[in-house]
Amino acid sequence: MNGYAALHEPASEAFPASGDAGVLEVAGTVHAARTDASGREPAPYTLCGLDTNDLERTPGDRPADPGETWYPAGRRFAGVCAVCDRAAVAGGQRT
């Protein structure tokens, strides 16, 4: 399930990583937005109504690629927006 741009709130925390990796940055809460006609750029607002200009693009996000979730797997987030998640699962309709 994809088709949505994943954007996140600015990183709110950083944690020490194990081994030689140094500090691991955790992105803030991730939100979903519809994409424009090209399928690459986010719409002006997320599915929960936040302005996408206030959020950061999530590295590794590929809205046109199929996937199990609308946000990139393997990325650490402080949380997933419950409203965006429910709306994405429902096909973009706010629930």
Side-chain angles (χ1 to χ4, degrees):
M1 169 189 41
N2 206 325
Y4 299 97
L7 300 109
H8 62 271
E9 297 170 13
S12 56
E13 300 180 56
F15 298 95
S18 60
D20 296 330
V23 175
L24 176 64
E25 187 175 276
V26 176
T29 300
V30 66
H31 298 269
R34 289 182 183 86
T35 58
D36 67 3
S38 74
R40 292 186 296 267
E41 295 299 318
Y45 295 95
T46 64
L47 298 179
C48 69
L50 294 178
D51 187 326
T52 57
N53 289 319
D54 296 334
L55 303 172
E56 298 176 6
R57 298 289 300 263
T58 301
D61 182 39
R62 292 179 179 83
D65 290 351
E68 291 183 20
T69 62
W70 51 266
Y71 51 89
R75 175 89 177 159
R76 292 192 58 177
F77 299 102
V80 174
C81 174
V83 173
C84 287
D85 194 45
R86 282 193 306 269
V89 169
Q93 302 300 314
R94 239 174 127 173
T95 58

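As the structure is a prediction and not an experimental result, all values here were calculated from the model.
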Measure the shortest side-chain to side-chain distance between [X] and [Y] over non-hydrogen atoms and say whether it is less than 4.5 angstrom.
X	Y	result
Thr35	Tyr4	no
Tyr71	Thr58	no
Asp85	Trp70	yes

Can you name the closest pair of heavy atoms from [X] and [Y] and give their distance?
X	Y	value
Pro42	Thr52	CB-CG2, 4.4 Å
Cys48	Val83	CB-CG1, 3.6 Å
His8	Gly28	CB-O, 3.8 Å

Does [X] use its side chain to pair, donor to acceptor, with the backbone of [Y] at less than 3.5 Å?
X	Y	result
Arg86	Cys84	no
Thr29	Cys81	no
Thr46	His31	no

Task: Over 12 foreign heavy atoms within 6.0 Å of CZ, Arg57 - done: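 Enclosed: over 12 neighbouring heavy atoms sit under 6.0 Å from CZ of Arg57.
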Task: Nearest-0.5 Å distance that lies between atom CG in Leu55 and atom CD in Glu9 - done: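 Separation between the atoms: 6.5 Å.
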